[in-house]
Amino acid sequence: MTFGKGFQMRKIVVIGCGYVGLVTAACLAEVGHTVFCLDVDEKKVAALRRGKVPIYEPGLDELVVKNTALSRLFFTSSYEEALQDALLVMIAVDTPPLKDGSCDTRNLKRAAQMIGETMTNDLAIVTKSTVPVGSAQLISSIIASSLQKREVNFWFEVISNPEFLREGHAIADFMHPDRVIIGLESERAEEIMRTLYQPFQHTPQTLLFMDVASSELTKYAANSMLALRISFMNSLTSLCEKAGADIESIKRGIGSDSRIGPAFLNAGCGYGGSCFPKDVKALEQMMRSFGVPSDIITAVDTQNEQQKRMLGLKILSFFENQGGIYDKTIAILGLAFKPDTDDMREAPSLVLIDELLKRGASLRLYDPVAMENTKKILPSSSRILFCESEEEALTGAHAVALVTEWQQFKTLDYKNLIQKMKGNAFFDGRNQFSPEEMGGFGFTYISVGRKPFQAEKFPIDMPQRVVYQS
Ligand SMILES: NC(=O)c1ccc[n+]([C@@H]2O[C@H](COP(=O)([O-])OP(=O)(O)OC[C@H]3O[C@@H](n4cnc5c(N)ncnc54)[C@H](O)[C@@H]3O)[C@@H](O)[C@H]2O)c1
């Protein structure tokens, strides 16, 4: 296969068949590369060989099935099979947080060890996983000592190429990234990386070359900056509620300033997922380990932990003067950490569920795609009902809590749904509706950083008269 300046691109190996590895492998195969995707999880590999993609990511199933059929995408658990004659290997293993928040690099080290023990020729080794500064050196030393033990001498270079894709938009993000960050040392490595990305027809400005340490830190800096913007807005929400201001107006007011911009200014019940929480904590630990102040980063995380509890506290305080939460049923709309994914890692819904269960509430849960993953995580309880639709979740509930802003929740027929409920409280953790609109359906509507809308009575007789509470 020939790409770029007559460069012969041999096979590419992607280690890790998770969100990043699978998307990377499928997209590289889609533009014509031959890709071996490797995972230690043999069940996952067997399923992928049958065309069964273990995660929900729009468009991914089609790419996997198509490129497997075209013999451009292969799945294996064997490092020997994958690395035989490979030109380039991309490491996309998970790097979860340790108890103290620092990055657990054990999977990374295992992958490096296996590469050193099985590589058969010169090899470019690309780190896609999010890894602490200094990881490329660590991988290099593991591989170098393996090669020394084997008494073989191959050229290799560890290149940092952190991934920025967003779950739910992963294919588009990989195919059309804002920029591709690449940290490397040699011209040989640069030529390989230019060739790798050449079929995507990026502009020269899309590939940003830099030193390895800067590239490794760029990933943490990007995620922490985005998390900081969210936590900053969340830190204003209590003030807004007490002062009678509206966080959504403030968002419009500052987001229209071209120096600030509108992205990542959404106040709500906190960020979750596999990246922001762990990357913020890991950056904080990295700063500590280098003996530099980490106060701003610490505050981002602390604010988020508080924010994740905020919706539960609002629900508890609402029911305090209505006989308590003990015999109440709460419908929860949205469980995944964000829309368009089934990923439950660090999902704010889990904090809410835990809080409400502890206080004796019964829960009716619904998410368009994350039900199976949620069932695996939650303890079995007679007070949890997994529902098949929004309507089933809301039926008989005293209150609704919207936690994940799935688009389909915006267009539900709330005017009719409220009739099926036992109560009329709506807690919107993502500010998806206008208070007046929800008040018009008869809800007492409580959101984040905005004035609530207090419905006067229940059961309702549409249109419900609502009293605006200042
Ligand atoms: N998920 C995201 O949205 C996202 C975005 C950008 C970057 N990242 C980063 O990318 C990395 C991977 O994240 P993910 O969400 O794809 O993880 P994941 O948990 O979905 O997948 C990781 C896969 O690696 C496999 N694995 C672990 N150790 C292995 C080894 N030694 N050899 C072979 N396979 C091994 C696991 O079995 C698993 O299937 C992490 O560092 C993460 O921070 C994730």
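One-based numbering, in listed order, for ligands and for the atoms of each.
Counting protein heavy atoms only, atom 27 (C) of ligand 1 is closest to Asp94 OD1, 3.2 Å. Remark: minimum distance from atom 9 (C) of ligand 1 to any protein heavy atom is reached at Thr130 OG1, 3.5 Å. Shortest contact from atom 43 (O) of ligand 1 to any protein heavy atom: Lys278 NZ, 2.6 Å. Taking atom 5 (C) of ligand 1 as the reference point, the nearest protein heavy-atom neighbour is Leu165 O, 3.5 Å. Annotation: atom 2 (C) of ligand 1 to nearest protein heavy atom, Glu167 OE2, 3.4 Å. Protein heavy atom in closest approach to atom 25 (C) of ligand 1: Asp39 OD2, 3.2 Å. Protein heavy atom closest to atom 21 (O) of ligand 1, with residue, atom name and distance, is Gly18 CA, 3.1 Å. In terms of protein heavy-atom proximity, atom 31 (N) of ligand 1 is nearest to Asn107 O, 3.5 Å.
Judged by distance alone, the side chains of Thr341 and Glu167 do bring a donor and an acceptor atom under 3.5 Å apart. Ser215 and Thr218 form no side-chain donor-acceptor contact under 3.5 Å, judged by distance and modelled atom types alone. With no hydrogens or angles considered, a side-chain donor-acceptor pair links Thr203 and Gln205 at under 3.5 Å. Looking only at atom types and distance, the side chain of Thr298 has a donor-acceptor partner in the side chain of Glu284 under 3.5 Å away.
Atom NZ of Lys375 sits in a crowded spot, with more than 12 heavy atoms from other residues, nucleotides or ligands closer than 6.0 Å. By the 6.0 Å contact criterion, CZ on Arg106 is open, its count of non-hydrogen atoms from other residues, nucleotides or ligands being 12 or less. By the 6.0 Å contact criterion, CZ on Phe232 is open, its count of non-hydrogen atoms from other residues, nucleotides or ligands being 12 or less. Other residues, nucleotides and ligands place no more than 12 heavy atoms under 6.0 Å from the CD atom of Gln148. Applying the 6.0 Å contact sphere to CZ of Arg252 captures no more than 12 heavy atoms from other residues, nucleotides or ligands.
Against a heavy-atom cut-off of under 4.0 Å, Ala92 is close to the following atoms of ligand 1: 12 (C), 22 (C). Applying the 4.0 Å criterion to heavy atoms of Leu38 picks out, from ligand 1, the atoms 33 (C). Shown in contact with Lys44 at under 4.0 Å from a heavy atom are these atoms of ligand 1, numbered in order with element: 38 (C), 39 (O). Short contacts between ligand 1 and Lys219, defined as distances under 4.0 Å to a heavy atom of the residue, involve ligand atoms 6 (C), 7 (C). Close approach to Val93 involves these atoms of ligand 1, each under 4.0 Å from a residue heavy atom: 11 (C), 12 (C), 24 (O), 26 (N), 27 (C), 28 (N), 29 (C), 30 (C), 35 (C), 40 (C), 41 (O). Within ligand 1, the atoms closer than 4.0 Å to a non-hydrogen atom of Ser274 are 1 (N), 2 (C), numbered from 1 in the order shown. Numbered from 1 in the order shown, with element, the atoms of ligand 1 that lie under 4.0 Å from a heavy atom of Glu163 read 6 (C), 7 (C).
Of the N or O atoms in Arg166, none lie within a sub-3.5 Å distance of an N or O in ligand 1. Of the N or O atoms in Arg345, one or more lie within a sub-3.5 Å distance of an N or O in ligand 1. Polar contact with ligand 1: present for Thr95 (N/O pair, distance under 3.5 Å). Taking only nitrogen or oxygen atoms, main chain and side chain alike, Asp41 does not reach within less than 3.5 Å of ligand 1. Remark: ligand 1 and Tyr79 share an N or O pair separated by less than 3.5 Å (distance only, no angle test). Between Tyr19 and ligand 1, at least one pair of N/O atoms sits closer than 3.5 Å. Backbone and side-chain nitrogen or oxygen atoms of Lys128 are examined, and none is located within less than 3.5 angstrom of a nitrogen or oxygen of ligand 1. Residue Val20 has at least one nitrogen or oxygen atom sitting less than 3.5 Å from a nitrogen or oxygen atom of ligand 1, judged on distance alone.
Residues satisfying the ring-ring contact (aromatic ring centres under 6.0 Å, His included) test with Phe36, not counting sequence neighbours, are Phe74.
Contact detail for Arg309 and Val351: the closest heavy-atom pair is CG-CG1, 3.9 Å. Taking both residues in full, the closest heavy atoms of Ala336 and Ala347 are given as C-CB, 4.2 Å, listed atom of the first, atom of the second, then distance.
Here Arg194 pairs with Glu190 in a salt bridge; the nearest charged N to carboxylate O distance falls below 4.0 Å. Between Glu30 and Lys66, at least one side-chain N (NZ, or NE/NH1/NH2) sits under 4.0 Å from a carboxylate O, which counts as a salt bridge.
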